[in-house]
Engineer: 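This is the structure I have questions about; it appears just below.
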Amino acid sequence: MSDSSPSNSDSNSLILVETAFLASAASLIWFVNYYFPMGPVLRLFFSLPMALLYLRWGKRSAVMGAVASFLLLLVLMGPTRSIVFLIPYGWLGVVLGGMWKRKSPWWMSIGTGSLIVAIGFFFKYWLLSILLGRDLWAYSTVQIASLAEWIFIKLGILAEPSLMLIQALAVLMILINSIVYLFVVHLVSLLLLDRLNSPISRPPKWVQVLLDYDS
């Protein structure tokens, strides 16, 4: 009994230290990217700390890490930017970590993650619309429809694009962008987390051939 107790205490301490460290790392990446944007590079790492926590210590640590990152960003950047981090990236990290832990195939984790990112995009639009007092989604689609109509006129096309068609195409483009983003996140995670002894699900054979990657 006396031999196992110190071991359990050390393990719990390690879990808390890693959770705090990775939650701080996620917050720092988000903070730096907001004030010193580096294009899409840092965005690839937003959800990885929580996914790594799930792979190493399970769901509870991943959720604690996401909540700790949210609270830290709440203090540093205010409620709006901290919520936009939590939804979708904190949530995404926990979900990806769980699916990678269960060795779910890439098509499943990429599909689920893409839906989460797309939901996060619309949530951000909805939140900003409330804060600004106007429907940003409707405003954006009207502007896109006007641009499309001008292009059609210049090209001599008599058809007039409907607003519903423009909105459907916009949603489709958001989903495609989310799928591409999740695929790249999987590639980065495959190369990075394997080296941290926390491997994710194995990629499809064609990805292994493309990367010349031995699983």
Side-chain angles (χ1 to χ4, degrees), residues 26 29-35 37-51 66 69-70 73 77-100 104-152 155 157 159-190 200-201 203-204 206-207:
I29 294 170
W30 177 264
F31 184 86
V32 170
N33 185 76
Y34 183 83
Y35 288 105
M38 301 180 186
V41 177
L42 288 181
R43 185 169 174 248
L44 298 173
F45 298 93
F46 287 164
S47 58
L48 292 193
M50 269 60 73
S69 296
F70 166 75
L73 290 171
M77 305 179 72
T80 303
R81 297 183 183 97
S82 59
I83 292 174
V84 171
F85 167 79
L86 186 63
I87 303 174
Y89 298 108
W91 176 21
L92 176 65
V94 175
V95 171
L96 286 181
M99 300 190 79
W100 290 339
S104 300
W106 274 33
W107 66 266
M108 186 179 296
S109 54
I110 289 175
T112 304
S114 299
L115 288 177
I116 292 174
V117 171
I119 290 171
F121 178 88
F122 289 111
F123 173 80
K124 181 178 179 180
Y125 255 69
W126 171 78
L127 182 62
L128 292 177
S129 296
I130 291 177
L131 295 176
L132 296 176
R134 62 187 308 176
D135 190 343
L136 294 181
W137 173 253
Y139 175 79
S140 300
T141 51
V142 167
Q143 297 303 312
I144 296 172
S146 299
L147 177 61
E149 184 178 354
W150 179 81
I151 293 174
F152 277 25
L155 295 176
I157 301 175
E160 181 178 347
S162 66
L163 185 59
M164 183 173 296
L165 176 61
I166 294 295
Q167 289 180 336
L169 290 175
V171 171
L172 179 62
M173 292 304 298
I174 291 168
L175 289 174
I176 292 174
N177 180 72
S178 299
I179 291 171
V180 172
Y181 169 72
L182 260 296
F183 179 72
V184 178
V185 167
H186 276 64
L187 291 179
V188 171
S189 303
L190 175 69
I200 71 170
S201 308
W206 67 269
V207 174

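These numbers come from a predicted model, not from an experiment.
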Engineer: Could you tell me whether the side chain of Ile200 reaches within less than 4.5 Å of the side chain of Leu96, counting heavy atoms only?
Structural biologist: no
Engineer: Using the ring of each side chain (for Trp, its six-membered ring), is Phe183 parallel, tilted or perpendicular to Trp206, with breaks at 30° and 60°?
Structural biologist: parallel
Engineer: Would you say Leu48 and Ile29 make side-chain contact, with heavy atoms under 4.5 Å?
Structural biologist: no
Engineer: Between Trp30 and Phe46 (side chain of the first, backbone of the second, donor and acceptor by atom type, cut-off under 3.5 Å), is there such a pair?
Structural biologist: no
Engineer: Check Val94, Ile110, Thr112 against Met99 for a side chain to side chain contact (heavy atoms under 4.5 Å, CB included) and give me the one that passes.
Structural biologist: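 It is Thr112, the one option of Val94, Ile110, Thr112 that forms the side chain to side chain contact (heavy atoms under 4.5 Å, CB included) with Met99.
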Engineer: Distance-only, no hydrogens or angles: does the Tyr181 side chain make a donor-acceptor pair with backbone N or O of Arg43 under 3.5 Å?
Structural biologist: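 Yes; judged by distance alone, with no hydrogens or angles, the pair exists.
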Engineer: Quick one: closest heavy-atom pair of Leu92 and Ser47, and the distance?
Structural biologist: CD2-OG, 3.8 Å
Engineer: When rounded to the nearest 0.5 angstrom, what is the spacing between CG in Leu128 and CZ in Phe123?
Structural biologist: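 So the CG of Leu128 and the CZ of Phe123 are separated by 9.5 Å.
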Engineer: When you measure from the side chain of Ser114 to the backbone N and O of Leu175, does any donor-acceptor pair fall under 3.5 Å?
Structural biologist: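 No.
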Engineer: Taking the six-membered ring for Trp, are the ring centroids of Trp107 and His186 within less than 6.0 Å of each other?
Structural biologist: no
Engineer: May I have the step-by-step check of side-chain contact (heavy atoms from CB on, under 4.5 Å) for Leu182 and Ile116, ending in yes or no?
Structural biologist: CA-CA 10 Å; Leu182 260 296; Ile116 292 174; over 6 Å; no
Engineer: Rounded to the nearest 0.5 Å, what separation is found between the CD1 atom of Ile83 and the CG atom of Leu127?
Structural biologist: 6.0 Å
Engineer: How far apart are the closest heavy atoms of Ser69 and Met50, and which atoms are they?
Structural biologist: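 So the two residues come closest at OG-SD, 4.2 Å.
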Engineer: Side-chain donor-acceptor contacts of residues 165-174 below 3.5 Å, not counting sequence neighbours, with atom names and distances?
Structural biologist:
none

Engineer: Could you check if a side-chain atom of Tyr34 sits within less than 4.5 angstrom of a side-chain atom of Leu73, using non-hydrogen atoms only?
Structural biologist: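 With C-beta onward as the side chain, the pair stays apart.
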Engineer: Could you go through the side-chain contact (heavy atoms from CB on, under 4.5 Å) check for Val207 and Leu187 one step at a time?
Structural biologist: CA-CA 9 Å; Val207 174; Leu187 291 179; 3.8 Å; yes
Engineer: Begin from the C-alpha positions of Ser201 and Met108 and carry the test side-chain contact (heavy atoms from CB on, under 4.5 Å) through to its verdict.
Structural biologist: CA-CA 11 Å; Ser201 308; Met108 186 179 296; over 6 Å; no
Engineer: Could you check if a side-chain atom of Ser109 sits within less than 4.5 angstrom of a side-chain atom of Trp100, using non-hydrogen atoms only?
Structural biologist: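 When only atoms from C-beta onward are counted, Trp100 and Ser109 do touch, with a gap below 4.5 Å.
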